[in-house]
2 protein chains.
Amino acid sequence: MTLDYRHQPAVTLAEVAQAAGVGESTVSRVLRNHGSFSRKTRDRVMEAVERLGYVPNRIAGTLASAGSRLVAFVIPSLSNIVFPDVLRGASAVLEANQHQAVFSVTDYDPEREEALVAAMLAWRPTAVMLAGFEHTQGTLKMLRASGCRVAELLDLDGTALDLAVGFSNRAAGRASAEFLLRRGYRRIGYVGHDLDRDTRAAKRHDGFCEALGAAGAALAGREIHAGPSSVEGGRLGLERLLARYPDLDAVYFSNDDMALGGYFHCLARGIPVPSALALFGHNGLDIGRVTPQPLSTIRTPRVATGQVAAELVVADAPPQAVDLGFELIEGATA
Amino acid sequence: MTLDYRHQPAVTLAEVAQAAGVGESTVSRVLRNHGSFSRKTRDRVMEAVERLGYVPNRIAGTLASAGSRLVAFVIPSLSNIVFPDVLRGASAVLEANQHQAVFSVTDYDPEREEALVAAMLAWRPTAVMLAGFEHTQGTLKMLRASGCRVAELLDLDGTALDLAVGFSNRAAGRASAEFLLRRGYRRIGYVGHDLDRDTRAAKRHDGFCEALGAAGAALAGREIHAGPSSVEGGRLGLERLLARYPDLDAVYFSNDDMALGGYFHCLARGIPVPSALALFGHNGLDIGRVTPQPLSTIRTPRVATGQVAAELVVADAPPQAVDLGFELIEGATA
DNA sequence: ACAAAAAATGGTAGCGCTGCCAAAAAAACC
DNA sequence: GGTTTTTTTGGCAGCGCTACCATTTTTTGT
C-alpha cells in the first residue's frame with residue numbers, strides 16, 4: 001500500500017523554463033512581472049505554468065532576494081478578543097500588500113515571549129509585532145540586533161524600541177475614574193484579573209487610582225480574580241467584592257469581559273444598575289452595546305491598531321509612536 | 001541622518017564557524033543537536049553563538065532540508081471566536097513541536113480562500129488547515145497537487161481531502177431540534193445569519209429542519225440577519241422574527257452570539273425565558289454559562305479541534321476523519 | 001602495541017530562486 | 001544600409017543552510 005498522502009516533489013521554476021523553452025530568469029521575470037519580456041514569451045510561460053501547476057517557492061525566493069514579507073505576531077493570548085481584533089486589522093492590510101502573518105501565543109509569559117521571539121526571528125520577518133513595552137532584556141537585545149522592524153502595540157506608556165501604535169492605558173484609566181467621579185460616585189471598587197501578567201490592565205488600574213487620588217479619593221475596595229480575564233471571573237469577582245464591601249456605589253473592571261460578568265451578577269441578584277451600583281468596563285466590545293443596558297466603558301482602537309501598525313510596516317515608515325486614542329462610551333451602567 | 005532603523009546584515013553560520021574555529025557542519029550539528037560532537041566543541045560553538053548573537057536562518061535551513069515546519073491556517077474569520085479558539089488549540093501543540101503557525105482570513109469568501117491557499121502553498125507548509133469541506137475546484141486541485149497535508153476542520157458532513165477533524169453540524173442541528181421537541185416546544189422559529197457564506201451554520205439549520213420534519217413538525221418562522229453572526233444581529237433578528245410570528249414558543253439560533261442577542265432582547269423586553277419563549281444556541285461559549293440564566297446550547301470542541309488537527313499533522317498520521325462530538329448543555333433558557 | 005570499530009569533524013554539492021551582467025534580437029535613427 | 005538604441009533573453013553566481021561523504025581522531029579489543 002503506497003503512502004500516497006506523503007509529500008510529492010513539487011514543480012520547479014527550472015522545469016517550467018524547460019517546458020516553455022525559455023531561460024529560468026525569463027520565467028522569474030514573467031512571474032513577478034518585473035523587468036521586460038515580450039507578450040509572446042509571457043503567454044508561453046504562463047501556459048507552461050498552468051499546465052504544470054507550478055507554484056513558486058517563496059522559501060527559495062526569499063533566500064535569494066532577502067526580504068521575507070513575513071510579519072510575526074507574538075501575542076499574549078487568543079482568548080482575549082483584543083488580540084484577534086488586532087490580528088484582523090493587520091491581516092487585512094498585510095494580505096493586500098502581499099505580506100504573510102505568522103503568530104505565536106505567549107500566555108502573558110515574558111520568558112515564553114523571549115523564546116517565541118527567538119523562534120520568529122529565525123524566519124527573518126519584515127517586522128515583529130508585540131503587545132506593549134514590557135519585555136525581557138533578552139527579548140529587547142534580540143530585537144535590537146535583528147535589524148527587523150518592531151512594533152509594540154496597544155500601549156503608549158513606556159519607551160518604544162521602534163514603532164508603537166495604540167493608546168495610553170494610563171490615560172484610559174484616568175478618564176474612567178474622572179467619569180465616575182463626575183457622575184458623583186465616591187465609594188468605588190475595582191475588580192480585576194492577574195495584573196502581574198497583564199501589564200496594560202495594571203497601567204489602567206494605576207491611572208484610575210491616580211485620578212481618584214488627585215480628587216482626594218481612593219479605591220474603596222479591590223478584588224483580584226486569579227487567572228486571565230473572563231466573564232465568569234468578573235461575576236465571581238464582583239460577588240466577592242460586594243461581600244466584603246457591601247456599600248460600594250460603583251465598580252471599575254479591568255475590562256469588558258470582567259464587567260459583563262459583573263453586570264450579569266447584578267441582573268441575577270436583582271441589584272439595580274446603576275442606581276444601586278454603577279459598573280464601568282474597558283474595551284468597548286460590541287456585545288456591551290447590546291446588553292439590556294449598554295455598558296459604560298471605553299472603546300479602544302483594536303482593529304485600527306493592527307491596521308496602522310501593518311501600514312507602517314509595509315511602508316517601512318520611520319520609527320514613531322502613533323496615538324490612536326480611545327473613546328469614552330457613557331452607556332447606561334454608570 | 002542615517003536610516004538606522006533599516007535592516008542590518010545578520011550573522012551567518014559561517015561566521016559562527018569561523019569564530020569558533022570549527023567547520024560549518026559542526027556548528028549546524030551542534031545547533032540542531034543532531035549527529036555527534038564532543039562536549040568541548042559544543043561549548044566552543046555555543047560560546048560563539050552567544051557572543052555573536054547568532055540567530056539561525058530558517059529560510060535557508062528549510063530550503064536546504066525541505067520540510068518547512070510551517071502550518072498554514074486559512075480561516076473564514078477572526079471575529080467569530082470559533083476560529084481563534086481553533087488557532088489557540090493548534091498553536092499550543094505546534095509551538096511544543098517546533099512548528100510555526102501562519103494564517104490568512106477569507107471572510108467566508110471561497111474565491112478569496114483560493115487565492116490565499118495559493119499564496120500559502122508558496123511557503124511549502126507542512127499542512128494547510130481549512131474550515132469545512134466547501135472549497136472551489138481550484139482550491140481542491142491545488143491542494144491535491146501540493147503534496148502537503150490538508151486538514152478540514154469543524155465539519156464532518158462531506159468528503160475529506162485528507163484529514164478531517166470536528167463534529168457533524170448536521171447532527172448538532174438535529175440534536176438541538178430533538179431537545180426542543182422533547183421539551184414540548186412546537187412553534188419553533190429560527191434566527192440566523194448569512195447561510196450562503198457560513199456553510200456549517202447552514203448544515204446545522206438543515207439538520208434542525210430535518211429533525212423537525214421527522215417529528216411531523218416544521219419551522220414556524222425564520223429570520224436571516226444579513227452579514228456575519230453577531231450579538232446585535234441576534235437581538236435584531238429575534239425582534240423582527242417576533243414581530244412577524246408573535247406566538248412562537250422557542251427559537252433556534254445559528255450560534256451563541258446570535259442567541260445571546262436574542263436573550264438580551266428578551267431581558268430588555270421583559271419576555272420571560274423560557275416560559276414565554278425558549279432560546280437555544282450553538283457553540284457553548286463561556287459567556288453563555290454566566291448569564292443570569294445559563295444558555296441552552298451545544299458545546300462544540302473548538303480548542304480540541306485545533307489540538308487534534310495539529311497533533312495529527314506533526315505526527316504525519318494517515319488520512320482520517322476524527323469525530324470529536326459535541327455536548328448538549330441543557331442550560332436554563334430552554 | 002596494533003588493528004578494528006566508533007566518534008568527531010570538515011569539505012562541498014546542492015535546495016530553488018533572484019540579481020547581475022553580457023549577449024542577442026528588435027526597433028529606431030541618419 | 002549601417003549604425004546606435006532599446007528591448008529581450010539566458011547564464012550563472014550566490015542567498016545560508018543541511019545532507020552526504022571522506023577524513024581524522026579517539027576509543028575499544030586482543
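The sequence lines fix the lettering, A, B, ..., with proteins before strands; numbering per chain opens at 1. Keep in mind that the numbers below use all heavy atoms, side chains included, and drop hydrogens, waters and symmetry copies.
Each of A/Ala60 and B/Ser65 was matched to the nucleotide of DNA chain D holding its nearest heavy atom; the match closer to the 5' end belongs to A/Ala60.
No side-chain donor-acceptor contact under 3.5 Å links A/Arg302 to the backbone of A/Val82. Under the 3.5 Å distance criterion, the side-chain polar atoms of A/His135 are matched with a main-chain donor or acceptor of A/Gly132. Side-chain atoms of A/Ser68 come within 3.5 Å of backbone atoms of A/Arg124 as a donor-acceptor pair (strictly under, hydrogens ignored). Under a 3.5 Å cut-off, the side chain of A/Asp157 and the backbone N or O of A/Asn169 do form a donor-acceptor pair.
A salt bridge does not link B/Lys40 to B/Asp43: none of the charged side-chain nitrogens sits closer than 4.0 Å to a carboxylate oxygen. Ion pairing between a basic and an acidic side chain is recognised when a charged N comes within 4.0 Å of a carboxylate O; A/Arg149 and A/Asp316 show such pairing. Looking at A/Glu134 and A/Arg200, no side-chain N of the basic residue comes within less than 4.0 Å of a carboxylate O on the acidic one, giving no salt bridge. At a threshold of 4.0 Å, the pair A/Asp109-A/Arg197 does not count as salt-bridged, since none of the basic side-chain nitrogens sits closer than that to a carboxylate oxygen.
Other residues, nucleotides and ligands contribute over 12 non-hydrogen atoms within 6.0 Å of the CD atom of A/Glu311.
Using a 4.0 Å cutoff on non-hydrogen atoms, no part of residues 38-47 of chain A comes near DNA chain C. Annotation: proximity of residues 11-25 of chain A to DNA chain D (heavy atom, distance under 4.0 Å) is found for A/Gly21, A/Val22, A/Gly23, A/Ser25, numbered in ascending order.
Residue A/Leu63 contributes atom CG, which lies 7 Å from atom P of D/dG16 at whole-angstrom precision. Whole-Å rounding puts the A/Ile59 CD1 to D/dG16 C1' distance at 13 Å.
Side-chain N/O atoms of A/Arg29 and base N/O atoms of D/dG10 include a donor-acceptor pair closer than 3.5 Å.
Checked against A/Asp162 for a side chain to side chain contact (heavy atoms under 4.5 Å, CB included), the options A/Pro318, A/Cys148, A/Pro319 give a single hit: A/Pro319.
Nucleotides of DNA chain C lying under 4.0 Å from heavy atoms of chain B occupy a range whose first and last members, 5' to 3', are C/dA7 to C/dG16.
Between D/dC17 and B/Arg58, no contact under 4.0 Å exists linking OP1 or OP2 to a side-chain N or O.
With distances taken from any side-chain atom of B/Arg32 to the nucleotides D/dG16, D/dA19, D/dT9, the minimum falls on D/dA19.
In this structure, A/Phe83 and A/Tyr108 have perpendicular ring planes: the angle between them is above 60°, well past the 30° mark.
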